[in-house]
Amino acid sequence: MKGYVDKSACIGCGMCADTAPEAFRIGEDGLAEGYQEIPADSIDNAKEAEADCPVGAIQVK
Ligand code: SF4
């Protein structure tokens, strides 16, 4: 599984990178990105970030 961020919606709040650092990071543009295949033990955190993103910009699939 991997995290996908709609950068046109992301507001760069950083929550996803705090909640699931193995799935998301803040890029040089100040917006989040999914950057690697999510390790199995971090999928729950990634799903939590997906659910909690304030603008609904995340998909984990
Ligand atoms: S939680 Fe949502 S709005 Fe915040 S940085 Fe992540 S993708 Fe962007």
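In each ligand, atom 1 is the first atom listed, and ligand 1 is the first ligand listed.
- For C10 against V5, the heavy-atom pair with the smallest separation is CB-CG1, 4.0 Å.
- Here the protein contributes C10 SG as N, O or S atoms under 2.8 Å from atom 8 (Fe) of ligand 1.
- Atom-to-atom distance recorded for I26:CD1 and C16:SG is 5.0 Å, nearest 0.5 angstrom.
- To the nearest 0.5 Å, the span separating NZ on K2 from NZ on K61 amounts to 11.0 Å.
- Looking at T19, its side chain does come within 3.5 Å of a backbone N or O of M15 through a donor-acceptor pair.
- Listed for the E37 side chain is a donor-acceptor partner under 3.5 Å among the backbone atoms of M1.
- A donor-acceptor pair is defined here as one N or O able to donate and one able to accept, closer than 3.5 Å; such a pair exists between the side chain of E50 and the backbone of V60.
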